[in-house]
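Let me begin by presenting the structure, written as structure tokens, before commenting on it.
The analysis underlying the following values was restricted to heavy atoms, covering all of them including side chains, and did not include hydrogens, waters or symmetry mates. For the single chain, residues carry numbers from 1 onward in sequence order. No experiment lies behind these values; they were computed from the predicted model shown.
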Amino acid sequence: MLEPNTASWWQSAEAPLCTVCCCTTVNKVVMVIFMVLLVVAILFGNVVTLAVILGTQHFHTPQGYLKASLAIADLAVGIFVVPLSIYAEVFLMVTDSAPQWTTFNSQLVSFHPCNVIGPIFAGCTFVSITTIFMLTIERSIAVLRPLHKDSVITRKRTTILIVLSWIGSFFLAVSPMIFNGDIALEYNPCSRMCNYALGTITEFPSQAWNILLLFPTFDFTLLGGTVVINIISLSSIRQHSKRRKHLAESECQNSSKPTFSDIKAAKTIGALTVAFTASFTPIAVFVVGNVLGNKWCNFSFFAFWILASNSCWNVIIYSVRDQKFRLCAQKLFVPLRRKNSVNN
């Protein structure tokens, strides 16, 4: 989410940079179609997720609250982040010139859209990471300490943690501009998104280096912890499954053992962790590479849009892994099917 030395690309070049996404008219059209389809997928998938969670009593649990928080963060990406990129790229295609706000960074104009969109994307990314981490903790307690689950994990505590995660994530997202005046926001020609970048300077001060590395350090610390906890939980599930094969059915139904639904949910959270880690890793590699002096313009485009695409994957994972969610989602469309049948 941080790209150095690109704040004045349009001032130093007569034509836009030729990257894999915009070298030809066909590439530009394909890129815009991809962005539009991504918005549709993000909005549809996460609206369905929220409808199922909020409209079904079964999902009014700490785990359901966390999944709703994750869906809201993903929804914000589809409502705010991607549409701005669509507008900028369509404007460029139609008028053959970029919108004026894309030709300056946020330090050079009184108001810049990226001052809003950049922190939203970063903040929602942090919310997603912290929410997946909390989901992993919640599932690990349910699997490793099933007798303590209801007393430790309550809806009130979960709600407080969700609010704190949103506040902390967005504070972290705006902290580069608060604590370092050399960092600005801009619409980057490589990623085709609002990114953090150096403002009016051309060399990294030591403090900017520290801030550039703050995001991937925070993200990978949480993701690393999430992966470790998932491995412990899944190992426990595997051992429990082996024991069930050797014990009589009456002995298996011990109240100190995790339930089948808890085991299923833990595997679902494991799948979410794998998907998000795979989506975020290119961004972390890109940021570290930028700090080391590499430009990687084409890689920048793929890294940022792979991360944005992750916002529509959660509903797919829920639908595949969670039968209850899948059935509730199908019920949402039953009235529509009946209405179409009547009309026909």
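- When all heavy atoms of Gly123 and Ser169 are compared, the pair lying nearest together is O-CB, 3.6 Å.
- For residues 121-142, the set of pairs meeting the salt bridge (charged side-chain N to carboxylate O under 4.0 Å, His left out) definition, not counting sequence neighbours, comprises Arg139-Asp262.
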Cut-off 3.5 Å, no hydrogens considered: what does the side-chain donor-acceptor table look like for residues 36-49, sequence neighbours left out?
unit_1, atom_1, unit_2, atom_2, d
Asn46, ND2, Ile42, O, 2.8
Asn46, ND2, Ser311, O, 2.9
Thr49, OG1, Gly45, O, 2.9

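- Under the rule for a disulfide bond (SG atoms under 2.5 Å apart), the partners of Cys114 that lie at least two apart in sequence or sit in another chain are Cys194.
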Validation: residues 268-280 side-chain donor-acceptor distances under 3.5 Å, sequence neighbours left out:
unit_1, atom_1, unit_2, atom_2, d
Thr268, OG1, Lys264, O, 3.0
Thr273, OG1, Asn230, ND2, 3.0
Thr273, OG1, Ile269, O, 2.9
Thr277, OG1, Thr273, O, 2.7
Ser279, OG, Ala275, O, 2.9
Ser279, OG, Asn310, OD1, 3.3

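- Residues that satisfy the side-chain contact (heavy atoms from CB on, under 4.5 Å) test with Ser319, not counting sequence neighbours, are Val315, Phe325.
- Scanning for side chain to side chain donor-acceptor pair (under 3.5 Å) contacts around Trp166 gives Ser69, with sequence neighbours left out.
- Under the rule for a ring-ring contact (aromatic ring centres under 6.0 Å, His included), the partners of Phe218 that lie at least two apart in sequence or sit in another chain are Phe126.
- In this structure Thr154 satisfies the side chain to side chain donor-acceptor pair (under 3.5 Å) test with no other residue, sequence neighbours excluded.
- Taking the side chain to side chain donor-acceptor pair (under 3.5 Å) definition, one finds that Gln57 meets it with His60, sequence neighbours left out.
- The side chain to side chain donor-acceptor pair (under 3.5 Å) search around Asp322 returns none, not counting sequence neighbours.
- For residues 49-70, there are no salt bridge (charged side-chain N to carboxylate O under 4.0 Å, His left out) pairs, not counting sequence neighbours.
- Legend: salt bridge (charged side-chain N to carboxylate O under 4.0 Å, His left out) pairs involving residues 74-101, not counting sequence neighbours, sorted by first then second residue: Glu89-Arg192.
- Expressed to the nearest 0.5 Å, how far OH of Tyr65 lies from CD1 of Ile53 amounts to 11.0 Å.
- At a threshold of 4.5 Å between non-hydrogen side-chain atoms, the residues Asn188 and Met193 do not count as touching.
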